[in-house]
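The first residue of the sequence shown is numbered 1, and numbering continues consecutively from there.
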Amino acid sequence: MAEYHLTAPLQDEDVLQLHIGDTVYLSGPAFTCRSKLQRYIFDEGHELPFIPEEGSILIHNGPIVVKREDGWELMSFMPTSSIRFEKWGADSVEKWNLKLICGKTTMGDNTSKAMKKFHCVHVSPRSVSPLLWLKSISIEGVDLFEEMGSIEAPWHFVLNELGPFVVDMDCYGNNLFDKIDEIVADNKQKVYRDLDIPSDFRYTKLYDNKNTCEP
């Protein structure tokens, strides 16, 4: 596994070198979004109030931000789960000129196909660091604040060695979490065999009638 320090706007060669399991740190401009923005743009047909430049970084995040006399202050930052936005994943990759999406967990098949076609990757945090990362982020501005509010509005950041993140979806159709699921499933079956547990064993469920003891 390799480590990379990337600066946006990203080029094809920046992301084509990445493979699942690699570690990345991010610098340069980035913008945030959650479901309300994507629904507003892709489902309701509104125009994005800015034009993402080629090679953009998108962060699935709703930051905690307060207004100060001299501008905005970022109080807490943590990427949110990207799989929640799978409905709009492929469109956001293509229409927003993305080369990298940052968010927790992973995304689905449609987004993976778009990432392969347009050369984009997905990265996930290696740790939960909502306060430790603040020094690596500065706020440049915000759009649609009145319409969407602080959490859902698209914020514009400048990143400075933000990370570490792990590449969990690369440009070649590979998904780190799928690989982990395969390993877990294989290990579970091995344990079942070693302990002579039937392969169709079901865990006890509190409200499963088959497992409920009569008083």
Side-chain angles (χ1 to χ4, degrees), residues 1-6 14-26 32-35 38-39 57-62 76-93 98-133 151 162-215:
M1 306 302 176
E3 179 176 302
Y4 297 92
H5 297 256
L6 305 177
D14 293 320
V15 294
L16 287 170
Q17 68 185 333
L18 302 177
H19 298 275
I20 55 173
D22 288 345
T23 296
V24 299
Y25 291 82
L26 304 175
T32 71
C33 87
R34 286 167 57 95
S35 56
Q38 294 176 96
R39 184 168 61 247
I57 292 175
L58 171 66
I59 306 175
H60 288 151
N61 169 249
S76 181
F77 167 90
M78 187 67 202
T80 191
S81 296
S82 294
I83 192 64
R84 298 162 51 202
F85 314 122
E86 172 61 18
K87 175 183 178 181
W88 307 286
D91 281 338
S92 64
V93 169
L98 303 182
K99 289 299 179 188
L100 186 144
I101 296 176
C102 175
K104 287 191 300 185
T105 64
T106 188
M107 300 191 76
D109 290 339
N110 286 338
T111 302
S112 179
K113 291 174 183 176
M115 288 180 167
K116 189 173 182 179
K117 180 177 180 180
F118 297 105
H119 301 156
C120 179
V121 300
H122 186 279
V123 303
S124 294
R126 283 196 177 274
S127 62
V128 179
S129 309
L131 299 179
L132 297 179
W133 282 338
I151 299 297
L162 181 67
F165 298 98
V166 61
V167 178
D168 62 274
M169 297 174 71
D170 61 25
C171 298
Y172 306 100
N174 300 308
N175 188 306
L176 178 64
F177 289 97
D178 288 345
K179 301 293 185 184
I180 293 173
D181 286 344
E182 292 172 3
I183 294 171
V184 170
D186 289 344
N187 288 341
K188 184 176 74 171
Q189 290 305 314
K190 181 179 184 301
V191 171
Y192 280 10
R193 290 193 298 270
D194 292 344
L195 298 179
D196 199 26
I197 298 173
S199 60
D200 60 351
F201 170 78
R202 294 175 69 248
Y203 295 102
T204 299
K205 295 185 181 296
L206 182 60
Y207 299 109
D208 187 337
N209 291 332
K210 295 181 181 179
N211 295 311
T212 300
C213 296
E214 295 293 335

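Remark: Tyr172 engages Leu16, His19, Asp170, Asn174 in a side chain to side chain contact (heavy atoms under 4.5 Å, CB included) (not counting sequence neighbours). With sequence neighbours left out, Glu86 forms a side chain to side chain contact (heavy atoms under 4.5 Å, CB included) with Ile83, Met107, Asn110, Thr111. By the side chain to side chain donor-acceptor pair (under 3.5 Å) test, Trp88 is found to be paired with Asp43, residues two or more places apart in sequence or in another chain being considered.
Counting only heavy atoms from C-beta outward, the side chains of Tyr4 and Asp14 never approach each other to under 4.5 Å. The closest side-chain heavy-atom distance from Pro125 to Trp133 is below 4.5 Å. Looking at Leu18 and Val123, their side chains never come closer than 4.5 Å, going by heavy atoms from C-beta outward. Ile101 has its side chain within reach of Met115: a pair of non-hydrogen atoms, C-beta onward, lies under 4.5 Å apart.
By the 30° and 60° cut-offs, the orientation of the rings of His60 relative to His122 is tilted.
In this structure, the side chain of Asp168 does not engage the main chain of Leu176 through any donor-acceptor pair within 3.5 Å. Of the possible polar contacts, none joining the Ser82 side chain to the Thr106 backbone as a donor-acceptor pair under 3.5 Å is found. Judged purely by atom type and a 3.5 angstrom limit, Asn61 uses its side chain to pair as donor or acceptor with the backbone of Met78. Between the side chain of Ser124 and the backbone N or O of Gly103 there is at least one donor-acceptor pair closer than 3.5 Å.
Between Leu98 and Cys120 the shortest heavy-atom distance is O-CB, 3.7 Å. Of all heavy-atom pairs between Lys99 and Phe118, the closest is NZ-O, 2.9 Å. Across every non-hydrogen atom of Pro79 and Cys102, the tightest pair is CG-SG, 3.9 Å. Contact between Lys116 and His119 at its shortest, heavy atoms only, is O-CD2, 3.6 Å. The two atoms that bring Pro164 and Thr23 nearest to each other are CB-CG2, 3.8 Å, heavy atoms only.
A distance of 4.5 Å separates CG of Leu26 from CD1 of Ile57, quoted to the nearest 0.5 Å. Residue Ile59 holds its CD1 atom at 12.5 Å from OG1 of Thr80, rounded to the nearest 0.5 Å. Here the CZ-CZ distance, from Phe85 to Arg39, works out to 10.5 Å after rounding to the nearest 0.5 Å.
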Practice item. In sequence, state the C-alpha distance, the side-chain angles, and the governing distance for Arg84 and Arg34, and then conclude on side-chain contact (heavy atoms from CB on, under 4.5 Å). Key: CA-CA 9 Å; Arg84 298 162 51 202; Arg34 286 167 57 95; 3.7 Å; yes

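In this model, no donor atom of one side chain and acceptor atom of the other lie less than 3.5 Å apart for Ser112 and Asn175.
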